[in-house]
Protein chains: 2
Amino acid sequence: MHATLRPGDPPLSRSVEDYLKAIYHLSSQGGFASTSDIAAMLEVAPPSVSGMVKRLSETGLIEHVPYRGVQLSPQGRRAALRMIRRHRILELYLTQQLDYDWDGVHAEAERLEHAVSDELIERMAGSLGQPRYDPHGDPIPTAAGEIEEADLVTIADAAVGAKLELRQVGTQDSARLRYFATQGLTPGVLLTVADRQPFNGPTTIALVPSGDRRVLGRELARLLLCSEVPVQEHGHADR
Amino acid sequence: MHATLRPGDPPLSRSVEDYLKAIYHLSSQGGFASTSDIAAMLEVAPPSVSGMVKRLSETGLIEHVPYRGVQLSPQGRRAALRMIRRHRILELYLTQQLDYDWDGVHAEAERLEHAVSDELIERMAGSLGQPRYDPHGDPIPTAAGEIEEADLVTIADAAVGAKLELRQVGTQDSARLRYFATQGLTPGVLLTVADRQPFNGPTTIALVPSGDRRVLGRELARLLLCSEVPVQEHGHADR
DNA sequence: TCTGCAGATTAGGCTAATCTAATCTGGACG
DNA sequence: CGTCCAGATTAGATTAGCCTAATCTGCAGA
Ligand SMILES: [Mn+2]
Ligand SMILES: [Mn+2]
Ligand SMILES: [Mn+2]
Ligand SMILES: [Mn+2]
């Protein structure tokens with residue numbers, strides 16, 4: 001009964017859908033997404049963004065403050081979350097049911113997300129058991145448009161000595177994803193922060209329970225998003 | 001090593017892919033596909049077809065004889081068969097793995113066929129066991145671009161007394177497909193032609209082995225494509 | 001052979017989405 | 001307080017696809 005996208009509305013184009021997703025990602029932390037950031041994310045020229053921004057604000061999907069940036073309207077946010085749900089369910093389906101590696105699914109989902117029906121997405125979600133996270137640990141929005149907001153720390157920021165659970169891998173870059181996989185750094189892994197060198201130096205972590213160590217430069221450490229695990233013997237994590 | 005589509009070529013647009021498929025289907029029997037038949041099949045206006053025909057013949061995908069029609073070039077035929085392979089594998093995958101009914105898969109495949117990668121299609125084909133027929137009995141072209149050409153008779157044309165195997169259902173119309181399903185008329189079924197009334201009257205068939213009878217008007221009888229089964233006791237059909 | 005017309009094409013126009021080149025502007029900084 | 005410039009926007013062009021209205025043409029029938 002909530003006022004989602006009316007079925008009568010003309011469907012959004014592939015471009016529009018990708019713009020809305022980009023704006024969602026860029027404005028999820030701070031307030032506004034800038035023209036040049038959108039342009040960089042979508043690999044188009046800045047004037048193309050200005051043109052699209054005009055159309056999107058005319059149709060009420062975004063708010064535009066000239067020379068400052070854009071934000072999603074409630075309607076635009078719903079549309080963006082719908083695309084993100086599709087994208088993440090597709091990624092998970094490809095890895096779980098069709099034996100894709102986690103570094104290959106993004107490109108495929110990027111195209112399919114625009115072509116699948118809601119029906120197909122819900123069937124996939126059903127056959128996956130209504131999953132909550134995609135292969136990279138990103139939360140899957142519900143069909144109703146809710147998304148989990150976890151506050152996570154990167155391994156680059158976590159305190160030395162902290163015990164962490166790796167939750168999300170914040171990149172779609174194939175080479176980096178493959179490297180993380182070889183290092184056993186995938187969502188769900190437990191670890192402790194053993195050391196950090198000064199002046200933006202590398203962080204050393206120890207995997208739990210194996211105790212294996214990994215040394216991560218700042219670039220990679222910033223991509224690994226973790227939740228803190230209370231350090232208590234024989235305790236149960238509450239998730 | 002066969003001279004298929006070079007990877008360097010710019011990818012074909014969704015429209016172009018649908019035009020090539022339409023031309024393939026329309027010219028598969030006779031020689032030329034007419035402008036108005038293409039327009040009807042794609043639900044566009046005839047001048048839109050004339051415009052596309054010009055572009056397609058400039059890029060060498062079709063041959064155009066003005067005021068007569070178009071035919072696929074070898075390159076266009078390869079592209080069309082590639083799309084048909086995608087379409088039919090998608091249809092089968094949706095029915096087999098995601099519990100779609102055979103009357104719902106066409107619309108979904110019509111969009112997805114343009115968005116999937118070759119990689120994904122081959123993974124689906126692999127998980128289906130390299131299938132040869134789609135849910136409607138239509139042959140699936142090979143990845144190399146070969147397609148089975150069976151010569152089939154419609155139930156409207158078959159001789160009274162003939163023993164037949166139902167092979168293909170020549171429609172994508174949901175209502176008709178659902179009706180056929182309720183009547184047990186799906187590919188693989190054996191039947192004999194029991195009677196045909198004159199003046200384009202209905203054909204009565206008997207299902208084998210149940211003996212159940214069905215009476216089919218000419219419109220529906222023409223949609224059911226069959227191969228003849230040699231009438232011999234205890235014999236094995238050679239397929 | 002001539003005529004008419006169904007079907008094909010051309011003419012002209014529109015929208016979405018992109019680009020490059022030119023211009024504008026908000027805010028940082030001297 | 002004024003300048004400057006990175007970043008944003010406007011101006012103008014292009015391409016693919018689609019449309020309607022006007023025109024053309026092959027061929028069937030008189
Ligand atoms: Mn996309
Ligand atoms: Mn992901
Ligand atoms: Mn299609
Ligand atoms: Mn089919």
Side-chain angles (χ1 to χ4, degrees), chain A residues 9-23 26-27 30-72 75-76 79-80 83 110-111 113-115, chain B residues 9-23 26-27 30-72 75-76 79-80 83 110-111 113-115:
Chain A
D9 294 339
L12 305 177
S13 71
R14 179 185 170 154
S15 280
V16 166
E17 289 174 340
D18 280 337
Y19 273 89
L20 294 176
K21 270 201 316 172
I23 293 166
L26 290 168
S27 60
F32 287 84
S34 75
T35 298
S36 48
D37 286 352
I38 298 168
M41 183 167 289
L42 297 177
E43 298 181 282
V44 297
S48 305
V49 176
S50 288
M52 180 62 87
V53 157
K54 182 180 306 181
R55 268 170 278 149
L56 293 180
S57 45
E58 279 163 1
T59 51
L61 291 162
I62 63 174
E63 313 286 347
H64 180 213
V65 182
Y67 291 98
R68 289 188 43 88
V70 298
Q71 271 183 322
L72 293 175
Q75 191 194 145
M83 295 312 296
E110 197 56 56
R111 279 174 285 105
E113 62 189 0
H114 310 287
Chain B
D9 295 340
L12 304 177
S13 72
R14 179 184 169 154
S15 279
V16 166
E17 289 174 341
D18 281 337
Y19 272 89
L20 293 176
K21 269 201 317 173
I23 294 166
L26 290 168
S27 60
F32 287 84
S34 76
T35 296
S36 48
D37 285 351
I38 298 168
M41 183 167 288
L42 297 178
E43 298 182 282
V44 296
S48 304
V49 175
S50 288
M52 179 63 87
V53 156
K54 183 183 304 182
R55 270 171 276 149
L56 293 180
S57 45
E58 278 163 3
T59 51
L61 290 162
I62 63 173
E63 314 285 346
H64 180 212
V65 181
Y67 292 99
R68 289 189 41 89
V70 299
Q71 271 184 322
L72 294 175
Q75 191 195 145
M83 296 312 296
E110 197 57 55
R111 280 174 286 104
E113 62 189 1
H114 311 287

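Order of the sequence lines fixes the chain letters, A, B, ..., with proteins taken first and strands second; residue numbering starts at 1 for each chain.
- Taking atom CD1 of residue A:I38 and atom C1' of nucleotide D:dA8, one finds them 12 Å apart after rounding to whole Å.
- For B:P47 and B:M52, each mapped to the nucleotide of DNA chain D holding its nearest heavy atom, the one lying further toward the 5' end belongs to B:M52.
- A straight line from CZ of B:R14 to C1' of D:dA16 spans 15 Å, rounded to a whole angstrom.
- For the pair A:A45 and A:Y67, nearest-nucleotide mapping onto DNA chain C gives the more 5' position to A:A45.
- Contacts of B:S50 with the nucleic acid, taken as non-hydrogen atoms under 4.0 Å apart, include base atoms.
- Close to D:dA6, at under 4.0 Å from its OP1 or OP2, lies no side-chain N or O of A:S36.
- Protein atom NE2 of A:H64 is 8 Å distant from nucleotide atom C1' of D:dA8, rounded to whole Å.
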May I have the step-by-step check of side-chain contact (heavy atoms from CB on, under 4.5 Å) for A:D18 and A:E113, ending in yes or no? CA-CA 10 Å; A:D18 280 337; A:E113 62 189 0; 3.2 Å; yes

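- The line from CG of B:L61 to OH of B:Y19 is 13.5 Å long, rounded to the nearest 0.5 Å.
- Nucleotide D:dA16 holds its P atom 17 Å from the CG atom of B:D18, rounded to whole Å.
- Taking 4.0 angstrom as the limit, A:S15 places none of its side-chain polar atoms (N or O) nearer than this to OP1 or OP2 of C:dA16.
- Look at CZ on B:R55: it is 14 Å from C1' on D:dT14, rounded to the nearest Å.
- Mapped onto DNA chain C by nearest heavy atom, A:S13 and B:S34 fall at different nucleotides, with B:S34 at the one closer to the 5' end.
- Regarding A:K54, its NZ atom lies at a distance of 14 Å from the C1' atom of C:dA17, rounded to whole Å.
- For the OP1/OP2 pair of C:dC19 and a distance below 4.0 Å, the side-chain nitrogens and oxygens of A:S48 include at least one atom meeting the criterion.
- Of all non-hydrogen atoms in A:L20 and A:A80, the two that sit nearest each other are O-CB, 3.7 Å.
- Looking at A:L12, A:L72, A:I62 one by one, the single match for side-chain contact (heavy atoms from CB on, under 4.5 Å) with A:L56 turns out to be A:I62.
- A:E17 contributes atom CD, which lies 3.5 Å from atom CE of A:M83 (distance to the nearest 0.5 angstrom).
- The separation between B:L26 atom CG and C:dA8 atom C1' is 16 Å, rounded to whole Å.
- Residue B:Y19 places none of its side-chain N or O atoms closer than 4.0 Å to OP1 or OP2 of D:dA16.
- Protein atom CG of B:D37 is 9 Å distant from nucleotide atom P of C:dG7, rounded to whole Å.
- Dashed line: the shortest gap from a side-chain N or O of B:T35 to OP1 or OP2 of C:dT9 is under 4.0 Å.
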